[in-house]
Enquirer: 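Questions regarding the structure given below will be posed in turn.
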Amino acid sequence: MEKKIARRSGLKGFVIGVIVTMMLSGTLVMANPVMRELVFGVGVSFNGEVQQFEEDMRPFVIDGRTFLPVRAIADIVGLDVDFDGATNMVILTTSGAATAVATGSSFADTFFSGSSGSNFAQVDDTATVLGQTHNNVVQFNSFATNSLYSQHNLGGDFTRWTGIFGHIDGVGVPTDVSVTITGDGAVLMEFEKSQHDMPVNIDLDVTGINLIRIDVSPDGRGGPGGTRGAWALTGDLR
């Protein structure tokens, strides 16, 4: 008896048009018309919790390759799923609480406090570094050797932060600067940015971290006392 192992309707399955001779674990199936081994009984665990699937949405293995049902997996991780029949396209979009982790968030969006007054850290819409414009940046502005900082609330919701730290084009006089990045009090990254160096790349594991602090200490050698230095910190969180 032949039976389809998946169907189009509502994305309840994800393998379309495969005809099998039997639906038993560890049996051979016929597909186009090659004999292949089909294995059911594959388990899926998400964040330590074993997931349950409907009978017609069970994960399975063919020739050592594991197949998972799109809709069921999307529901588990908090994604909306749709199917465009005209283009045969599966469409996944973020929804609810999963949005920040799934699509990323600007690091600037997590800013909640920092230096103020003549030496300040603030969120700006844009900043240009070496001719490249970046959106949603944290800008640090200091006169001479005055240090400054910013603090960011990640809430333990992210796993990775990538971005750059560099001098802002046309603002003040570039100076050498020392930067320390801490996460919940532990040092994640330290570096010195010379006025002649390229922007520093940031790629940090921030899994479970709640509070990020950025301390910026210019040495003032870019010009006489009172000369302004300005730096941009950009990045995405995922």
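Position 1 is the first residue of the sequence, and the numbers go up from there.
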Enquirer: Do the side chains of S142 and V216 get nearer than 4.5 Å, heavy atoms only?
Expert: no
Enquirer: If I take atom CD1 from residue I214 and atom OG from residue S150, how far apart are they, to the nearest 0.5 angstrom?
Expert: 5.0 Å
Enquirer: Specify the closest pair of heavy atoms between G183 and I209, including all atoms of both residues, with the distance to one decimal.
Expert: CA-CG2, 3.9 Å
Enquirer: Would you find a donor on one side and an acceptor on the other, under 3.5 Å apart, between the side chain of S115 and the backbone of Y149?
Expert: yes
Enquirer: Distance-only, no hydrogens or angles: does the S178 side chain make a donor-acceptor pair with backbone N or O of E192 under 3.5 Å?
Expert: no
Enquirer: Out of curiosity, does V138 fall in the hydrophobic cluster containing F158 (side-chain heavy atoms, cut-off under 4.5 Å, transitive links)?
Expert: yes
Enquirer: Taking the side chain as every heavy atom from C-beta outward, state whether I202 and L233 have any pair of such atoms under 4.5 Å apart.
Expert: yes
Enquirer: For the CD atom of Q151 and the OG1 atom of T110, what is their distance to the nearest 0.5 Å?
Expert: 11.0 Å
Enquirer: Measure the NZ-CE distance between K193 and M198 for me, rounded to the nearest 0.5 Å.
Expert: 9.0 Å
Enquirer: With under 30° as parallel and over 60° as perpendicular, where do the rings of F165 and W231 fit, or are they tilted in between?
Expert: parallel
Enquirer: Using the ring of each side chain (for Trp, its six-membered ring), is W161 parallel, tilted or perpendicular to F107, with breaks at 30° and 60°?
Expert: parallel
Enquirer: When rounded to the nearest 0.5 angstrom, what distance separates CD in Q139 from OG1 in T234?
Expert: 13.0 Å
Enquirer: Is there a side-chain contact between I212 and L188 in this structure, where contact means two heavy atoms from C-beta onward sitting under 4.5 Å apart?
Expert: yes
Enquirer: Identify whether I181 and V123 are in the same connected component of the hydrophobic contact network (ILVMFWY, side-chain heavy atoms under 4.5 Å).
Expert: yes
Enquirer: Pick out which of D236, D205, D203 makes a salt bridge (charged side-chain N to carboxylate O under 4.0 Å, His left out) with R160.
Expert: D203
Enquirer: In the hydrophobic clustering that connects Ile, Leu, Val, Met, Phe, Trp and Tyr at side-chain heavy-atom distances below 4.5 Å, which members other than V187 occupy its cluster, ordered by chain and number?
Expert: none
Enquirer: Hey, are D124 and Q122 close enough side-chain-wise for a donor-acceptor pair under 3.5 Å?
Expert: yes
Enquirer: Supply the atom-to-atom distance N210 CG to L154 CG, rounded to the nearest 0.5 angstrom.
Expert: 8.0 Å
Enquirer: Cluster question for you: counting only ILVMFWY and a side-chain heavy-atom cut-off of under 4.5 Å, with indirect links fine, are L204 and F191 together?
Expert: yes
Enquirer: With a sphere of 6.0 Å drawn around CG of D125, does it hold more than 12 non-hydrogen atoms of other residues, nucleotides or ligands?
Expert: no
Enquirer: What are the two closest non-hydrogen atoms of S194 and D176, and how far apart are they?
Expert: CA-OD1, 3.3 Å
Enquirer: Taking it one step at a time, do F140 and V177 satisfy side chain to side chain contact (heavy atoms under 4.5 Å, CB included)?
Expert: CA-CA 11 Å; F140 298 87; V177 64; over 6 Å; no
Enquirer: To the nearest 0.5 Å, how far apart are CE in M189 and CG in N201?
Expert: 8.0 Å
Enquirer: What's in the same ILVMFWY side-chain cluster as L211, cut-off under 4.5 Å, chained through other members?
Expert: F112
Enquirer: Where is the tightest heavy-atom contact between A127 and V137, given as atom of each residue plus distance?
Expert: CB-CG2, 3.6 Å
Enquirer: Quick one, T66 and L68 - any side-chain contact, counting heavy atoms below 4.5 Å?
Expert: yes
